[in-house]
Every structure is written in structure tokens, then in C-alpha cells.
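Atoms within each ligand, like the ligands themselves, are counted from 1 in listed order. Basis for what follows: all heavy atoms, side chains included, without hydrogens, waters or symmetry-related copies.
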Amino acid sequence: MIAALIHSMVVCPDMEKTYPKISHGEGSYLYDESGKRYLDASSGSAAVSNIGHGNAAIADILKDQALKASVLPTHAFSASVVENYLEKLVRFAPKGFKRAWTVTSGTEAVENAIKIALQYQQMTGRDKKHKVVSRWFSYHGNSIFTLDVGGMRFRRKMYEQWMHNFPHISPAYQYRNGDGMSEEDYCDQCINEFLEVIQKNDPDTIAAYIAEPVVGAALGAVPPPKDYFKRIKEICEAYDILFISDEVMTGFGRLGTPFGIEKFDVIPDIIAAGKGISGGYFPLSAVLIHNRIASVFESQMTTFKAGHTFACNPMGAAVGNYVLDFIEARNILANVNEQGALLRERLNELKTLDIVGDIRGEGLLLGIELVSDKLTKEPFPANKDVSKRIFLNALERGVILYPGKGSADGINGDHILVCPPLSINKEEVEFLANTIRESIVLVQEELHQLIL
Ligand SMILES: Cc1ncc(COP(=O)(O)O)c(C=O)c1O
């Protein structure tokens with residue numbers, strides 16, 4: 001019993017439950033030990049397995065690199081595998097990006113991105129600039145620092161004493177916050193709020209702004225109003241605030257562009273990336289910086305003051321290199337646009353169901369918000385576990401979804417994130433869409449019975 005508990009503690013957060021064990025994966029599918037097959041529409045947890053499961057070529061690459069050198073004494077050496085990868089990574093980034101290096105998790109990438117912004121501000125003589133403006137309902141990582149920068153109230157709760165060091169603005173989530181307004185008016189409202197927060201805090205104290213191009217797991221694939229990011233970027237430039245794009249979920253083709261922010265015609269100053277960067281085959285993440293920032297470090301001959309044991313790891317570089325080749329060779333961006341459009345079309349059909357309030361997202365990062373009343377957008381009470389019910393029902397039918405809660409007020413509000421591997425094909429999309437419909441219809445009936 002104790003061994004089982006420890007085991008479930010290690011593997012899964014929910015200790016009351018025995019999880020089926022996965023034996024292996026292939027392409028878009030995972031197989032449990034009984035042989036049951038699941039279409040992995042959460043791509044690991046979540047939006048990681050962009051290139052699918054069970055890729056034999058990566059297994060060979062990992063083996064080859066492990067035999068050559070698995071880690072470097074980076075205080076004294078570099079390696080071609082790392083340098084070639086970093087150059088390729090920078091070429092994959094938007095125009096003007098100059099430098100990159102890797103760490104091992106999204107949390108580390110975000111924290112490093114912010115530290116670079118802070119160091120840059122100090123190096124350019126703006127010593128007072130130390131605050132980061134972020135958005136409520138966003139997730140930027142699970143260290144105490146990144147939880148504070150992020151805006152997920154229930155995750156922050158336990159660490160309240162260490163929170164509230166940074167200003168937050170609303171999440172640009174029109175479905176919940178801009179009812180009855182035109183998209184333009186709602187965008188104006190969000191932009192004015194940003195300007196007010198800058199003034200209230202004193203522009204000389206604001207170092208950076210950080211956002212997910214499309215809010216991922218925290219809200220269930222919420223893009224901002226058109227032109228929102230362009231206008232935010234203009235304001236950032238006016239006040240010497242660096243724009244950090246948290247691409248941990250949206251990078252590496254997830255939205256149909258190399259990085260998600262490109263979908264909104266913005267070139268950020270710093271990018272934090274993770275998850276799909278390695279497709280899940282190695283713990284890898286990265287920070288990429290624009291020449292505007294890199295040139296200051298170069299001209300002052302100053303290094304970025306950070307160090308992590310597994311930074312610029314050669315195994316990670318070898319895997320990351322393969323992922324970039326895969327994206328190009330398999331035409332992944334085109335596939336995301338094609339299959340994403342098809343999946344979106346099929347999910348849009350769900351809008352006629354009583355409990356489906358909103359369908360949204362970009363590329364293959366799509367979301368479904370569930371409500372008890374479509375007109376008033378009243379959420380289901382949290383204890384009804386609506387998104388979890390749909391998730392469990394779909395699991396029975398062989399599809400893994402990513403359920404989420406709190407989208408209405410931080411506690412109540414159910415959503416489902418749909419983010420299959422980017423190599424998904426048309427037949428799999430059809431199966432996925434049909435299964436989601438069947439599961440929602442069934443849960444809708446169940447809820448109806450509960451109310452009656
Ligand atoms: C947008 C975003 N930023 C940061 C993180 C943190 O990444 P990690 O879990 O790899 O530390 C996540 C993880 O879900 C994320 O979605």
C-alpha cells in the first residue's frame with residue numbers, strides 16, 4: 001500500500017486514484033498495458049508531444065549522443081552539436097533574433113527570460129525597472145517566482161506570502177469580460193488598463209510585459225482581440241518595457257507559425273520556449289533574444305548572469321535539432337493549418353449543444369468552454385466536475401483530452417483543451433471530433449438527469 005502510494009505520488013498528482021499504465025506510444029496514439037489505444041489529444045501534459053510518440057529516429061539520436069557526450073563541462077567547453085543547434089534555433093525564430101540557449105523546463109525558460117530583461121534594464125541604466133506586468137489567468141511556471149508572475153489564483157493560494165510583487169492586468173478574454181462590446185472596444189479597454197497600470201506603478205519601474213500568445217491550459221486556448229498584441233508592443237516600446245512572449249505552449253508550430261506571437265504580427269524582445277521544442281523526448285526549453293537586447297550584452301562584453309547544470313546540454317541539442325528538421329521535412333506548419341482548420345470546423349458544430357458556451361483557439365491549440373446557461377454564461381459549480389466528466393468519458397472511448405477548471409472566476413468554470421500532436425492526420429481528427437461530441441452529449445444528458 002505504501003509502495004503504491006509513493007508510486008502514485010511520483011507519477012501522478014491524484015493520490016486517490018490508480019491510473020492505467022502506459023506501455024508505449026506510436027504516432028498520435030498511446031497504448032496502455034492492457035493494449036487499449038488512446039488518441040493523445042493532450043500531447044503529453046500538455047502540448048508537448050508535437051511530433052508524436054515512439055519516434056525511432058530520436059531514440060537513435062539520443063543513443064548516439066549519449067555515447068559521444070551526454071553532458072559538457074560548460075565552463076571550459078562547447079560542442080558543435082550545441083552550437084549548430086542554437087544557430088538553427090535562432091534562424092527558426094522571427095526576424096532579428098540573435099542569440100539562444102537552452103535549459104530544461106518552461107519554468108526555467110520563463111525565469112531566465114525575466115532575468116535577462118532585468119539585467120538588460122540595469123545595463124542600460126534603468127536601474128529602477130524591476131516589475132513585470134502579466135495577466136490574470138495566465139500560467140508561466142511553477143516556481144514561486146513564476147507563480148507570482150503568473151495569474152492562476154488557485155495555484156498561488158498556498159504561497160500567498162510570497163505573491164503580489166508584480167502588477168497584473170486582465171486576460172484579454174472577451175467571452176467572459178467583454179460581453180456586448182465590439183472586439184475593437186474591448187481591445188481599447190484592455191489597452192487602457194495596461195496604460196493605467198503602467199502609470200499607477202510608475203513607468204520607470206516596469207521592466208517587462210509577459211504573455212502567452214494564446215492562453216493555454218489556464219483558460220483553454222484563449223486568443224486576444226485582433227491587434228491587442230500589436231498595440232501592447234507599441235506601448236512597451238514607448239516606455240522601454242521589454243515584451244516577453246511565453247511560447248512554452250504555443251511555440252514550435254502549435255499555432256501554425258514557428259512561434260505563436262507571429263500569428264499576431266508582433267516581434268517580441270525575448271521568447272521563452274519549452275514543451276514541443278523537444279517533442280517530449282528530452283527535458284528541454286530555451287530562451288531566445290532579439291538583437292536589440294543581445295547587442296547590449298555584446299557591446300558591454302557582458303554575459304547573462306545565469307547558470308544551470310543542464311544548460312546547453314548536448315543530448316537536448318541533438319533532440320531539438322531533430323525536431324526542427326521534422327517540422328520542416330514533414331511540412332508540419334501546413335499540416336497544423338490544414339488539420340487545425342478541420343478540427344475547428346468540427347468543434348464549431350458543437351456550439352449547438354446546450355452546455356457548449358464557446359469554441360476558440362488557433363491552429364492545433366483549441367478550447368471548449370462549458371456552461372450551465374448559454375445566455376448568461378453561468379458556469380457549472382466546481383463540484384460538478386464537468387470538464388473532468390467529459391475527460392473521463394472520452395478516455396473510456398479512447399481519447400485523451402486536457403480538462404481545466406476556474407476559467408470563469410478562478411474556481412468555477414470548466415474548459416477542455418484540445419491539443420493533439422501536430423502530425424495528426426484527417427482520419428484521426430475526425431475520430432477526435434466525433435469522440436468529443438459523443439462525450440459532451442453523454443455528460444450533458446447525465447447533468448440533465450442530475451438536475452431533474
Ligand atoms: C505557457 C506556459 N509557460 C510555462 C510553463 C511551465 O513549463 P514547465 O512545466 O515545463 O516548467 C507552462 C507549462 O504548462 C506553460 O504552459
Side-chain angles (χ1 to χ4, degrees), residues 11-13 42-50 102-115 117 132 134-152 154-156 159 166 168 171-173 208-224 229 243-255 259-261 263-264 268 270-288 306 308 310-311 313 316 319-320 323 361-367 401-407 415-419:
V11 181
C12 344
S42 76
S43 292
S45 191
V48 181
S49 310
N50 287 6
T102 65
V103 275
T104 55
S105 70
T107 302
E108 266 179 291
V110 168
E111 186 148 338
N112 276 259
I114 293 173
K115 284 167 90 179
V132 183
S134 63
R135 306 189 295 169
W136 288 118
F137 293 90
S138 270
Y139 183 59
H140 294 300
N142 218 358
S143 66
I144 288 188
F145 179 78
T146 51
L147 281 175
D148 192 17
V149 171
M152 287 187 78
F154 80 90
R155 285 187 187 265
R156 294 160 53 99
Y159 313 103
F166 304 115
H168 287 68
Y173 175 24
Y209 163 88
I210 185 166
E212 301 171 72
V214 169
V215 183
L219 274 185
V222 172
F229 282 128
F243 186 123
I244 303 173
S245 189
D246 180 347
E247 301 268 358
V248 172
M249 215 175 240
T250 52
F252 297 90
R254 176 63 53 196
L255 306 189
F259 287 100
I261 198 70
K263 197 104 206 178
F264 303 97
I270 305 175
I271 288 175
K275 292 186 183 265
I277 188 173
S278 73
Y281 288 86
F282 196 81
L284 184 68
S285 63
V287 189
L288 296 90
H308 294 279
F310 290 101
N313 180 274
V319 169
V323 170
E362 294 283 345
L364 282 171
L365 188 69
L366 298 174
L401 299 172
Y402 197 76
K405 256 191 188 168
S407 32
H415 59 266
I416 304 270
L417 190 65
V418 188
C419 49

For this session: Taking the side chain as every heavy atom from C-beta outward, state whether Pro171 and Leu219 have any pair of such atoms under 4.5 Å apart.
Result: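 Pro171 reaches Leu219 side chain to side chain.
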Exercise. Would you say the side-chain atoms of Ser43 pair up with the backbone N or O of Cys419, donor to acceptor, closer than 3.5 Å?
Worked result: yes
For this session: Could you tell me whether the side chain of Glu212 and the main chain of Tyr139 form a donor-acceptor pair under 3.5 Å?
Result: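 Between the backbone of Tyr139 and the side chain of Glu212 there is a qualifying donor-acceptor contact (under 3.5 Å).
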For this session: Tell me the residues surrounding ligand 1, counting only those with a heavy atom closer than 4.0 angstrom, sorted by chain and number.
Result: Ser105, Gly106, Thr107, Tyr139, His140, Gly141, Glu212, Asp246, Val248, Met249, Lys275
Exercise. So with a 6.0 Å cut-off around CZ of Phe145, is the heavy-atom count from everything else above 12?
Worked result: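 Counting neighbours around CZ of Phe145, more than 12 heavy atoms of other residues, nucleotides or ligands fall under 6.0 Å, so yes.
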Problem set entry | Contacts of Thr250 that satisfy side-chain hydrogen bond (donor to acceptor under 3.5 Å, both in side chains) - sequence neighbours left out |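 In terms of side-chain hydrogen bond (donor to acceptor under 3.5 Å, both in side chains), with neighbours along the sequence ignored, Thr250 is linked to Glu247.
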For this session: Check Ile270, Ile210, Val215 against Asp246 for a side-chain contact (heavy atoms from CB on, under 4.5 Å) and give me the one that passes.
Result: Ile210
